[in-house]
2 protein chains.
Amino acid sequence: MKDQCIKVQQTEEDIKALQDTIYVIGGKWKLPIIHSICNGNNHFKEIERSIPGITTRMLSRSLRELEDNKLITRTVDPNVPTLVEYEFTEYAKEYGVLINEMIRWGKHHKKMIIGQL
Amino acid sequence: MKDQCIKVQQTEEDIKALQDTIYVIGGKWKLPIIHSICNGNNHFKEIERSIPGITTRMLSRSLRELEDNKLITRTVDPNVPTLVEYEFTEYAKEYGVLINEMIRWGKHHKKMIIGQL
DNA sequence: CGGTATCCTCTCTGATACTG
DNA sequence: CAGTATCAGAGAGGATACCG
């Protein structure tokens, strides 16, 4: 395989950008939540049920952070106050490819590590 | 923009794969370290100097975790015990694209969020 | 349904000092 | 140079109960 290094000269800006990325989508639940919403789960309980092990507290917190970062939108039905819709933003959709890459990586990596043992 | 959702049906395996990925490259320093090594910094001090704010403790710990996950190799020169080479593995190189994507995302995201304020 | 409040634990991270 | 040891603080995450 050729040496396909990331970049010849790193900049401090790159480092910070990486840290930002990790911060925004990092933690245990953010990506699973994005993934869940993207796959058609738009209500709190739907999302909760689709992610094994998550608690209402962590879901609530994570949703707010994702909203702050404009990756999802939260819309309350004015007629039905208990009806809330979470949606993946157009902005976030631009990164579907990246998320898919991460899923691929995770699966591949698991196989690789297990294969070593 | 078309609706380019991630995947039509999510699986529990996908969720776990995402969590694995976040786990392996997550935290504050992993990606910056990978990036640094990939850009030609192969010694402990070199890496340390290239990443603003990192401490020897966190660098040491993160390097070991990356090594456990086969993303880097650690080689001690048998003749010079104080000379250690850290190298990006061929395995890890497969993911250079992903890391670059994350850098791009981070930069884009920052501009976007700042633009909103 | 869609959450919030409280408490608790455990890990991550930082600061500092020290070692072969 | 290449780390380890120790201590301390902050924050992530979990359990449980409760609210409009």
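Bear in mind the structure is a predicted one, so any value in this text is a computation, not a measurement. The sequence lines fix the lettering, A, B, ..., with proteins before strands; numbering per chain opens at 1.
- One can place CD of E46(A) at 13 Å from P of dG3(C), the figure rounded to the nearest angstrom.
- Going from atom NZ of K28(A) over to atom P of dT11(C) covers 11 Å, rounded to whole Å.
- Counting only N and O atoms by type, the side chains of T73(B) and T89(B) include no donor and acceptor under 3.5 Å apart.
- Listed by first then second residue, pairs satisfying salt bridge (Lys or Arg N to Asp or Glu O under 4.0 Å) with a partner in residues 29-45 of chain B read K30(B)-E65(B), K45(B)-E48(B), not counting sequence neighbours.
- Note: NZ (K45(A)) to P (dG3(C)) measures 10 Å, nearest angstrom.
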Each nucleotide N or O in nucleotides 5-8 of chain C that has a protein N or O under 3.5 Å away: list the pair and distance.
from   : atom 1 : to     : atom 2 : distance (Å)
dT6(C) : O4     : R57(A) : NE     : 3.1

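- Relative to the side chain of R61(B), the nucleotides dA15(C), dC12(C), dT4(C) differ in distance, and dC12(C) lies closest.
- When the side-chain hydrogen bond (donor to acceptor under 3.5 Å, both in side chains) test is applied to K28(B), no partner is found at least two apart in sequence or on another chain.
- By the criterion of side-chain heavy atoms lying less than 4.5 angstrom apart, applied directly or through intervening Ile, Leu, Val, Met, Phe, Trp or Tyr residues, I113(A) is grouped together with L98(B) in one hydrophobic cluster.
- The distance from atom CE of M58(A) to atom P of dT4(C) is 13 Å, rounded to the nearest whole Å.
- Partners of S60(A) under the side-chain hydrogen bond (donor to acceptor under 3.5 Å, both in side chains) rule, at least two apart in sequence or in another chain, are R64(A).
- In this structure, L63(B) places its CG atom 14 Å from P of dT13(C), rounding to the nearest Å.
- The salt bridge (Lys or Arg N to Asp or Glu O under 4.0 Å) analysis of residues 32-41 of chain A, with sequence neighbours excluded, yields no pairs.
- Residue Y86(A) places no side-chain N or O under 4.0 Å from the OP1 or OP2 atom of dC1(C).
- Taking a heavy-atom distance under 4.0 Å as the criterion, the stretch of DNA chain D touched by chain B extends 5' to 3' from dC1(D) to dT6(D).
- Electrostatic pairing of K16(B) and E13(B) does not count as a salt bridge here, judged by no charged N lying under 4.0 Å from a carboxylate O.
- For the pair K30(B) NZ and dT11(C) C1', the interatomic distance rounds to 12 Å; values are reported in whole Å.
- There is no side-chain donor-acceptor pair under 3.5 Å between H109(A) and D20(B).
- Under the 4.5 Å side-chain criterion, counting only non-hydrogen atoms from C-beta, D14(B) is in contact with K107(A).
- Nucleic acid contact for G27(B): sugar-phosphate only, since backbone atoms but no base atoms lie under 4.0 Å from a heavy atom of the residue.
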